Amino acid sequence: MKVKITSDHAGHLAKEELAKRLEKEGYDVELFGSTSADKSVSYAEVGIEFAKEILKDKDDENTKYVAFCGSGLGISMALNRFKHVRGARVTSEEDAHLAKLHNDANVLCMGGRMLESDQVENIFHEWENTQFEGNRHIPRINKLDEVGEDN
Ligand code: RB5
C-alpha cells in the first residue's frame, strides 16, 4: 500500500513521525509539501498542489492520501476546492470511522499541533480499515462533484 502525505510547516513533524511509523509497518510512503518545520509554507499552496497530485493519480485505490497543517482546517479547505477530492478534517477515531463510512473521505486531514503521534497513527488505521457504506451516501457524495475545480 502506498501512502502520500503532505503538510505545511506546522504539520511537518507530524508528517515525518507518521511516515516513520508507516514505513516500519511496511507501507511505501511518499512525502510532499514542507521540507522543514522551520521553513514556513502556505497550507493553501500545499493543499492545492496535493489536490492536483490526487487528481493526477485518479484517486488510485492502492494509494492513501493524508494531509496535515497546524489544525487540519486550512489544508482541508484548500483540498476541498477540487471536484472528486473529499478531505475530512478529523480529530478522533470516531471521526475517522464516519469520514470513510458515510463520506468516503479520500484525504485524511489532521492537525499536527493538536494530536499526539499515537492518536495520528490510530486515526490513520481506523480510516484506512473502514469501508464506505455506499447506498444512500452515493448520491450525496456525487452531488458534491457538481461544483469545484477540475484540476
Ligand atoms: C500555520 O501557522 C497554521 O495557521 C496552519 O498550519 C493551519 O493550522 C491553518 O489552518
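Please read these numbers as outputs of a predicted model, since none were measured by experiment. Read the numbers this way: they start at 1 and go in the same order the structure lists the ligands and their atoms.
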N/O donor-acceptor pairs under 3.5 Å from side chains in residues 26-39, not counting sequence neighbours:
{"residue": "Y27", "atom": "OH", "partner": "E128", "partner atom": "OE1", "Å": "2.7"}
{"residue": "Y27", "atom": "OH", "partner": "E128", "partner atom": "OE2", "Å": "3.4"}
{"residue": "E30", "atom": "OE1", "partner": "K2", "partner atom": "NZ", "Å": "2.9"}
{"residue": "S34", "atom": "OG", "partner": "S7", "partner atom": "OG", "Å": "2.7"}
{"residue": "S34", "atom": "OG", "partner": "D8", "partner atom": "O", "Å": "3.3"}
{"residue": "S34", "atom": "OG", "partner": "H12", "partner atom": "ND1", "Å": "2.6"}
{"residue": "S34", "atom": "OG", "partner": "K15", "partner atom": "NZ", "Å": "3.0"}
{"residue": "S36", "atom": "OG", "partner": "D38", "partner atom": "N", "Å": "2.8"}

Under the ring-ring contact (aromatic ring centres under 6.0 Å, His included) rule, collect the residues that match up with H137, sequence neighbours excluded.
H102
E53 side chain reached by D57 side chain, heavy atoms, under 4.5 Å:
yes
NZ/NE/NH1/NH2 to OD/OE distance under 4.0 Å, E146 and K143
yes
Thinking salt bridges, do R21 and E17 make one under a 4.0 Å N-O criterion?
yes
Checking R81 now: which residues fulfil side-chain contact (heavy atoms from CB on, under 4.5 Å) with it, not counting sequence neighbours?
none
Nitrogen or oxygen contacts under 3.5 Å, ligand 1 side and protein side:
{"residue": "ligand 1", "atom": "2 (O)", "partner": "R113", "partner atom": "NH1", "Å": "3.4"}
{"residue": "ligand 1", "atom": "6 (O)", "partner": "D8", "partner atom": "OD2", "Å": "2.6"}
{"residue": "ligand 1", "atom": "6 (O)", "partner": "G70", "partner atom": "N", "Å": "2.7"}
{"residue": "ligand 1", "atom": "8 (O)", "partner": "G70", "partner atom": "N", "Å": "3.3"}
{"residue": "ligand 1", "atom": "8 (O)", "partner": "S71", "partner atom": "N", "Å": "2.9"}
{"residue": "ligand 1", "atom": "8 (O)", "partner": "S71", "partner atom": "OG", "Å": "3.1"}
{"residue": "ligand 1", "atom": "10 (O)", "partner": "S71", "partner atom": "OG", "Å": "3.3"}
{"residue": "ligand 1", "atom": "10 (O)", "partner": "G74", "partner atom": "N", "Å": "2.9"}

